[in-house]
Amino acid sequence: MKRVRAEVLSARRLGAYHSITLVAPEVAERVRPGQFVSIAMPTGRTFLLRRHFSVHQASRRGGWAGTLEFVFDPRGPGTEWLSEVRAHRFLDVIGPLGKPFAYPAKLNACLLVSEGHGSAPLYFLAQELRERGKRVDMLVGAETQDRVFKPIETKRLAQSIVLATEDGTLGEQGSVLDLLPQVVESTGAQVVYAAARRSTLRGIAEFCGANRIPSQVALEEQMACGTGLCFVCTVPVIRKDGSGYDNLRVCTEGPVFNSARVLWELWMGDQPRLTPTPPEGFPVARSWPG
Amino acid sequence: MKQSLAVDLGGLRLANPVLAASGCLGVGADVPASLVDVHRLGAVVTRSLTYAGSKGWPTPRAAETSSGVLSAVGTQNPGVQAFLAHDLPRLRKGGVPLIASVAGSSLNEYVNVAGALHLQEGIVGLEVYLSCPDDEREGEPFYGRIERLTEIVGAVARLSRVPVFAKLPAFVPGIVETAQACVRAGAFGLTLIDAVPALAVDAERLRTKTAMPVGGLSGPAIKPIALAAVYRVARAMPHVPVLGVGGVTTGEDAIEFLLAGAWAVQVGTAMLVDPSAHVEIARGIAEYLRAKGLTSPEDLRGRLRVRGQNGDGA
C-alpha cells in the first residue's frame with residue numbers, strides 16, 4: 001500500500017451517486033477488485049476520520065493509464081464535502097487497501113450480485129473475470145431506478161443481466177434476494193460474488209450455503225483508520241478448522257470474506273453477543289475453490 | 001548549542017518526545033511499514049494486552065463526533081503470549097523503545113501480564129491501563145475507586161524492573177490526589193489522560209451509535225481537558241514524569257502539553273488519520289524551539305505563565 005497525493009481528474013454525478021477519478025498510478029497499477037482506497041478529509045474541520053471507498057475502475061493501459069475511479073453516495077459531512085470536490089484538486093490517498101476478491105481456478109460460471117453502489121466494485125470484478133475467460137452474469141438491484149448503478153454498462157460486461165428494483169421502476173420488481181434462486185438456475189452459476197446491504201448478503205450466504213455454491217461477499221463495517229491500526233471494523237469469522245471464531249478487521253483481513261465463514265447471527269446482533277464456541281465446534285466451511 | 005529533541009524521563013532516555021499512544025498502531029506485527037515510519041517515534045506504547053487475549057466488543061465500535069472519535073473497541077488483543085511470539089520480535093526490529101500497555105480484569109491478571117512483559121528485551125517501560133471492567137466490582141472500571149486503582153498500580157510497580165506509568169482518565173475523583181496516590185504506590189510516572197467516557201446518539205433511529213453505549217472520546221475535542229489534568233498534576237508533582245495524551249495533532253498541540261508540564265506527548269487519533277502525524281509533530285516542535293532560541297524540549301517543561309500575574313495581564 002502507498003500513500004500518495006493524487007490529483008482529481010474528474011468529479012461528476014452518476015444518477016443518485018457521485019464519482020471521482022484520480023490520477024494515482026502507484027495505486028491504480030496495483031489495485032484489484034474488492035480493494036479500497038482511503039481519502040483524508042480536509043484539516044481544520046470537525047470531522048476527522050478518513051473515508052474509505054471501493055475502487056470501481058482502474059486503468060493500467062491506454063489514454064487513462066494510471067487513473068482510478070470510486071463511487072459514493074453523499075451522506076454525512078465527509079462524503080458531502082467530497083461531492084463538492086472539483087477537478088485539479090489534490091487528495092491525500094492511501095491504497096490499495098484490503099484483500100481483493102479471489103478468482104476461481106477451475107469453475108467457470110460466475111454470478112455477480114449487487115445492490116446500489118455495491119455494484120461499483122463488482123463491475124471492476126466483472127471486467128477482470130472476463131479477461132480471465134470466465135462467464136459473467138449479473139444480478140443488479142436497488143430500491144428505485146435512479147439508484148441502479150450504470151445499468152447500461154452491465155450489457156458490455158456480462159453474458160446476461162437481470163435488473164431489479166424494489167418499486168418496479170426498472171427491470172423486475174423485487175430485491176436481488178427474491179430473484180437469486182431463479183437467476184442461479186437460469187445461468188448455471190458455479191460461483192457467487194456479492195456486494196450489497198448486510199441483510200441481503202446474509203440471505204445470499206444462506207442460499208449459497210444451502211445449495212453448496214461457493215460465494216465471496218464484500219462487507220461494510222464502520223471504520224476508523226482503514227489500515228489495520230485501530231481494530232474498529234471487525235466482523236466475527238469462523239476459523240478454518242471450525243475451532244472457534246475471531247473478530248477480523250474488514251480493512252485488513254477483508255473486506256472480502258468467504259460467506260460461509262461469517263458468523264452472521266452474531267455480527268448482526270440477533271443472538272446473545274458473547275456466543276461461546278459450541279462443544280462440537282463450528283461447521284468447517286469448504287475453502288475457496290482456487 | 002546544538003538543538004536536540006532527546007528527552008530524559010527520569011533516566012528513561014528517548015530520542016524525541018513524540019510517542020505513539022496505546023491502541024493506535026495495531027498489535028505490532030501488522031503495522032504497515034510503507035505507511036508508518038516507526039523509527040521516527042520516541043517510543044511506541046503497545047496495544048493494551050490482557051493475559052489470554054480478548055475478542056473485544058461487538059460492532060459498531062466507533063462513531064465520529066464533533067472534532068473527536070468515540071471508540072468502544074473493548075481491548076481486542078491476541079493475549080500476552082501471542083504478542084511475545086509474533087508481535088514483539090517485529091516491533092523490536094524497529095529499534096524503537098517499547099512501553100507495554102498492561103490490562104486485565106483482576107489484580108491477578110494485571111500481575112501476570114506485567115510479569116510476562118517487564119523483562120523482555122526492547123520493553124523499556126509499562127503503562128497500566130485502568131479503564132477495564134473490574135471483575136470484583138461488577139464491571140465498574142478500576143479507576144473508579146482510588147484504593148482499587150492504587151492496589152493494581154502498586155502490585156505492577158512492585159514486580160516490574162522497568163518504570164511503570166499509570167494511565168488515568170481525567171474524571172477520577174480528584175486527579176491530583178489520585179495521581180499522588182499512584183506515585184506513592186510506586187508508579188514512576190503518569191500518562192494523562194485516558195479517553196473521556198462519552199456517548200453518541202443517533203436521534204433519527206432513537207439509538208446509540210456504538211454497540212457498547214458509552215465509549216471513550218479521543219481527538220482534538222479532549223485536548224483542553226487533557227491539558228488541565230497535565231497542568232494540575234505536573235504543578236503538584238514537578239519531579240514526576242508525565243506523558244501528555246489527548247488530541248495532539250500538530251507540533252503546536254505538543255508544545256502546549258510540554259508548556260503545561262508534560263515531559264513527552266503521545267499521539268493517538270491523529271496517527272489513525274495521518275500515519276505520519278508524529279513526523280510532522282516532531283518537526284513542529286523543532287521549529288518552535290528554533291524560533292524561540294531554545295535547544296531542548298525540556299526547556300519548555302512547565303514554563304507556562306498564568307495570564308494576569310506578574311505583570312502579564314496585557
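In what follows, chains are A, B, ... by sequence order, proteins preceding strands, each numbered from 1. The figures that follow rest on heavy atoms only: side chains count, while hydrogens, waters and symmetry mates do not.
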Mark yes or no for whether A/Gln222, through its side chain, and B/Ala63, through its backbone, hold a donor-acceptor pair below 3.5 Å. no

A quick test of your reading: do over 12 heavy atoms of other residues, nucleotides or ligands sit less than 6.0 Å from CD of A/Glu80? yes

Is the shortest heavy-atom distance from the side chain of A/Ile94 to the side chain of B/Pro275 under 4.5 Å? yes

Rounded to the nearest 0.5 Å, what separation is found between the CZ atom of A/Arg3 and the CG atom of B/Leu35? 7.0 Å

Can you establish whether the number of heavy atoms outside A/Glu7 located under 6.0 Å from its atom CD is more than 12? yes

Can you tell me if A/Arg239 has over 12 outside heavy atoms packed within less than 6.0 Å of its CZ? yes

Return the option, out of A/Arg45, A/Met223, A/Arg51, A/Met41, with the maximum number of heavy-atom pairs under 4.5 Å with chain B. A/Arg51

Interatomic distance, B/Gln76 atom CD to A/Cys230 atom SG [nearest 0.5 angstrom]: 10.5 Å

Rounded to the nearest 0.5 Å, what separation is found between the CG atom of A/Leu49 and the CD atom of B/Glu64? 4.5 Å

Which portion of B/Asn77 sits near chain A, non-hydrogen atoms under 4.5 angstrom: neither

Tell me if a side-chain donor or acceptor on B/Ser34 pairs with a main-chain N or O of A/Met1 at a distance below 3.5 Å. yes

Atom pair CG/CG of B/Asp274 and A/Leu48 - distance to nearest 0.5 Å: 12.0 Å

Could you pull out the closest heavy-atom pair between A/Val232 and B/Thr59, with the gap in Å? O-CG2, 3.8 Å

Can you tell me if A/Lys2 has over 12 outside heavy atoms packed within less than 6.0 Å of its NZ? no

A/Leu229/B/Cys24 under side-chain contact (heavy atoms from CB on, under 4.5 Å): CA gap, chis, key distance, verdict: CA-CA 6 Å; A/Leu229 303 179; B/Cys24 296; 5.9 Å; no

Part of B/Thr65 lying under 4.5 Å from any heavy atom of chain A: backbone

Mark yes or no for whether B/Arg61, through its side chain, and A/Phe231, through its backbone, hold a donor-acceptor pair below 3.5 Å. yes

